[in-house]
Amino acid sequence: MPKRSNKYAGYQPLDPTGIDAYLGLIRPLDISDHITRFAMLCSVLSGVIVAIWELIQGLSGYDILTQGIGAGLGFLFSFVIAQELDPDRKYGGIIGGVLTFIASLFLGQGNVLAMLWLLFLLRMLNRTSGDRHRIGDNVIIIGTALWLGINGFWLYLMATGAAYALESQLSEGYSRSLYLSGLSLAGAAAVARYIPIIAEHDLSLIYLGIICIAFILFLPEIRLALETKFKGYKDGRRINGRRLQAAQGAFILIMFSMPFLQGDSQALALLPSSMAAIGCGAYLLFCALQKKTK
């Protein structure tokens, strides 16, 4: 007689590839959701428009291709990072993506590797995937941080070590995160010893303004994190509001510390995430005003 399934175990999507054993933080885009489909369409259009813009400017074919792909990925990363910061309201990601697209025309494009690192770091803390970080996730997080550190930006390794240490102390935290924290900090020490550190400290007024606006608009999100109704992709359980708050707090620290300590280069690298924070805060403010007027 076959064993009966536990109806209280929650929804667990079928994984015929077995990839879940190695990547716990993977959360695919929900194509059935109309907002997500619209975001993907806007991402493609952003790339096409920027490619046409660069063609008019007279750039070569390779530069046009890289700029177009970078603009499309910038919109998409801004959208998905906004979903990690405020998983209950998706329109904030659309606003953030539009702002990222506008910024790419006049300021430049963010660093795709930095965005990938930040995305997985936030998912490790808030667990919107419904699972803990596994070996593949750790390779992505530490590997991208190490690559950025080798290129002179050692703060990514420091932030990675701090995030792993924080994760180990949260509800249902993974005790081995402390070992990963030590590994990240050891990498930071090695990079600081043998790799020239980029010591750019000048922060332009425009980037300072963007960061301050993002901070002011995003702060109310931390209060509402405890009221989240979002459910993890794999387990179908409501995510822990404290973990979401921890992810938001870590995001604010990263958004401030990187540009202030390493200047305009990191403000530009993290620009899509700053725009995501502005988008989340702006849409939350819109919802609050709309509710107040009713």
Side-chain angles (χ1 to χ4, degrees), residues 39 42-43 46 70-71 73-123 125-126 128 148 153 155-156 159 162-163 200-225 228 244-289:
C42 289
S43 177
S46 298
L73 289 176
F75 189 107
L76 188 61
F77 269 115
S78 184
F79 175 77
V80 296
I81 286 175
Q83 308 316 302
E84 303 306 320
L85 297 173
D86 185 357
D88 295 287
R89 286 167 281 272
K90 292 188 176 183
Y91 282 109
I94 300 292
I95 298 173
V98 171
L99 293 175
T100 301
F101 164 69
I102 296 172
S104 69
L105 295 176
F106 300 100
L107 298 176
Q109 298 176 0
N111 189 316
V112 174
L113 278 181
M115 291 298 99
L116 180 65
W117 169 82
L118 181 60
L119 175 65
F120 273 76
L121 202 72
L122 292 174
R123 285 184 178 176
L125 293 173
N126 62 22
T128 53
L148 292 165
F153 304 112
L155 279 174
Y156 285 93
E200 179 188 347
H201 301 293
D202 294 332
L203 184 62
S204 302
L205 186 61
I206 185 170
Y207 288 120
L208 179 61
I210 290 172
I211 294 171
C212 290
I213 292 171
F215 179 75
I216 293 170
L217 288 176
F218 185 73
L219 272 182
E221 292 278 1
I222 298 179
R223 169 62 182 84
L224 291 178
T228 181
L244 180 57
Q245 281 185 328
Q248 292 172 341
F251 169 78
I252 288 178
L253 289 175
I254 291 169
M255 187 177 65
F256 266 81
S257 62
M258 297 290 191
F260 274 99
L261 293 176
Q262 293 196 309
D264 284 354
S265 60
Q266 288 313 295
L268 178 59
L270 296 171
L271 190 60
S273 64
S274 299
M275 295 305 183
I278 292 175
C280 289
Y283 185 67
L284 181 63
L285 179 61
F286 170 77
C287 292
L289 292 175

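Nothing here was measured: the structure is a model prediction, and the numbers come from that model.
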How far does CG of L270 sit from OG of S265, to the nearest 0.5 angstrom? 9.5 Å
Can you name the one residue among L113, L148, I254 that meets side chain to side chain contact (heavy atoms under 4.5 Å, CB included) with Y156? L148
Is S46 reaching over with its side chain to a backbone N or O of C42, donor-acceptor style, under 3.5 angstrom? yes
OG1 on T100 to CG on L76, rounded to 0.5 Å: 10.5 Å
If you count the non-hydrogen atoms of other residues, nucleotides and ligands that lie under 6.0 Å from CZ in F286, is the total more than 12? no
Can you tell me how far the OG atom of S257 sits from the CD1 atom of I252, to the nearest 0.5 Å? 11.5 Å
Here the gap from I102 atom CD1 to F75 atom CZ, rounded to the nearest 0.5 Å, amounts to 10.0 Å
Decide if the gap between the ring center of F251 and the ring center of F218 is smaller than 6.0 angstrom. yes
Side-chain contact, heavy-atom cut-off 4.5 Å: I210 with M275? yes
Kindly indicate whether the side chain of E221, heavy atoms from C-beta on, has any atom under 4.5 Å from the side chain of L85. no
So for atom CG, which belongs to L219, do other residues, nucleotides or ligands contribute more than 12 heavy atoms lying within a distance under 6.0 Å? yes
Measuring from atom NZ of K90 to atom CZ of F79, what distance do you get when rounded to the nearest 0.5 angstrom? 6.0 Å
Positive for side chain to side chain contact (heavy atoms under 4.5 Å, CB included) with I278, one of I213, I95, I211: I213
E84 and L244, any side-chain heavy atoms less than 4.5 Å apart: no
What are the two closest heavy atoms between Q248 and A225, and how far apart are they? OE1-CB, 3.5 Å
Sidechain-backbone polar pair: S78 side chain, G96 backbone, donor-acceptor under 3.5 Å: yes
Stepwise, does the side chain to side chain contact (heavy atoms under 4.5 Å, CB included) test hold for L224 with R89? CA-CA 11 Å; L224 291 178; R89 286 167 281 272; 4.1 Å; yes
Between D264 (side chain) and Y207 (backbone), is there a donor-acceptor pair under 3.5 Å? no
If I take atom CG from residue L217 and atom OG from residue S274, how far apart are they, to the nearest 0.5 angstrom? 12.0 Å
